[in-house]
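Notes follow the structure.
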Amino acid sequence: MGATAIVVLRLRSLFAVVMLSGIYSFLAASMFVALDAVDVAFTEAAVGAGISTVLMLATLALTGSRERIPVHTPPLPLLVVLVTGAALIYATFDMPAFGDPAAPANLHVAPRYLGDSGHEIGIPNVVTSVLASYRGYDTLGEVTVIFTAGVAVMLLLGGRRGQDAGRKRGDDDAGDAV
Amino acid sequence: MKHHRVLRVAAKLLIPFILLFALYVQFHGDFGPGGGFQAGVIFAAAFILYGLIFGLENARKVAPPALVTRLVALGLLLYAGVGYGGLLRGGNYLDYGVLLENSVAGQHLGILLIEFGVGTTVAATMISIFFLFAGRDT
């Protein structure tokens, strides 16, 4: 995965970058499978590797497929990235070991969900019972986020109706000419 | 891509199975990995594949944009409506246990309905985003 990310940074051909980001998503999905998070892996493979790649390719068809070579190498962004990365790695030292049964995340509500889901909800996949029933509000919020994203894209890219349609279209044409 | 015979034949063979797999993921999410989010994306992928191979115009005939736009909202409304169903039956919002006489059966029904709502909204959103992106050929 690290190699893919570095190659994505170095390449200038955006088509290859899109393909590599799809491969990156597949690698991430297989990592999630290795961590026994099959539901997350499923989503990563379908959304990250599938739909995002198609949408980015559709965008490439509208724009160019070569990235412009930057005229200077800015040192400040590199410094910010290095400091943030170092802080994040420093923070991981405080985290409990992977799969630690005494970790706070495994002690709070997880035992109740795992213990009671069988007779309260009665479906074998505890992930679904947590996502859909115990945490129904959260999932409703997630669906609202997707709905909002869809509406936002429709407003930005969708067909313009109304009396100012002609004026706006004229503005766009002028922008394209520049 | 209308002139690539191999792609057309392969897509025609694959699309029914992609749709069937999406429905399997949708309604088997209680038992195995999967659920509305994944199923919606897979369902949309079938339509996007169709649109890529057979052209946007044909895809718009199969999934009319006016209908898809309405489905974006209808899925969310179904989810929120199931929540109000719980209120009407005297329970809490989004409490599926009160939907039927048997609490566990009510949970099953509620989860089935809200997962269907999730799948509808996700699939319709993905399809309409693809239509909008691919339709901008300026």
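In this text the structure is predicted, and so the values were computed from the model without any measurement.
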Heavy atoms, side chains only, cut-off 4.5 Å: are [X] and [Y] in contact?
| X | Y | value |
| --- | --- | --- |
| A:Phe42 | B:Ile42 | yes |
| A:Thr139 | B:Phe37 | yes |
| A:His119 | B:Val104 | no |
| B:Leu76 | A:Leu140 | yes |
| B:Val118 | A:Glu142 | no |
| B:Phe133 | A:Val54 | no |

* Gap separating the CG atom of A:Leu55 from the CZ atom of B:Phe130, nearest 0.5 angstrom -> 8.0 Å

* Measuring from A:Phe147:CZ to B:Leu74:CG, what's the distance to the nearest 0.5 Å? -> 10.0 Å

Should the heavy atoms of other residues, nucleotides or ligands under 6.0 Å from [atom1] of [X] be counted, would the total exceed 12?
| X | atom1 | answer |
| --- | --- | --- |
| A:Arg135 | CZ | no |
| B:Tyr84 | OH | no |
| A:Arg12 | CZ | yes |

* Given a strict heavy-atom distance threshold of 4.5 Å, which part of B:Tyr93 is in contact with chain A: side chain, backbone, both, or neither? -> both

* To do: Please flag which part of B:Phe31 lies under 4.5 Å from any non-hydrogen atom of chain A: side chain, backbone, both or neither.
  => both

Same apolar cluster: [X] and [Y], side chain cutoff 4.5 Å:
| X | Y | value |
| --- | --- | --- |
| A:Val38 | A:Phe26 | no |
| B:Leu49 | B:Ile129 | yes |
| B:Met126 | B:Val62 | yes |
| A:Val8 | A:Leu11 | yes |
| B:Val6 | B:Ile18 | no |

Nearest atoms (heavy-atom pairs only) where [X] meets [Y]:
| X | Y | answer |
| --- | --- | --- |
| B:Gln107 | A:Glu120 | CG-O, 3.7 Å |
| A:Leu131 | B:Glu115 | CD2-OE2, 4.1 Å |
| B:Gly34 | A:Asp39 | N-OD2, 3.0 Å |

Of the listed residues ([options]), which shares the most heavy-atom pairs with chain B below a 4.5 Å separation?
| options | answer |
| --- | --- |
| A:Pro124, A:Gly150, A:Gly136 | A:Pro124 |
| A:Ser133, A:Ala58, A:Ser129 | A:Ser133 |
| A:Val151, A:Thr43, A:Ile121 | A:Ile121 |

For chain A, which of [options] has the most heavy-atom pairs under 4.5 Å?
| options | result |
| --- | --- |
| B:Ala73, B:Ser128, B:Ala44, B:Gly40 | B:Ala73 |
| B:Ile48, B:Val82, B:Val72 | B:Val72 |
| B:Val122, B:Asp30, B:Thr125 | B:Asp30 |

Give, as side chain, backbone, both or neither, the part of [X] having an atom under 4.5 angstrom from any heavy atom of chain B.
| X | value |
| --- | --- |
| A:Ala46 | both |
| A:Val153 | both |
| A:Ile51 | side chain |

* To do: Look at the side chain of A:Thr128 and the backbone N and O of B:Gly29, then say whether any donor-acceptor pair between them is shorter than 3.5 Å.
  => yes

* Donor-acceptor pair, A:Asn125 side chain versus B:Gly32 backbone, under 3.5 Å? -> yes

* Not counting sequence neighbours, which residues clear ring-ring contact (aromatic ring centres under 6.0 Å, His included) with B:Phe43? List them please. => B:Phe47

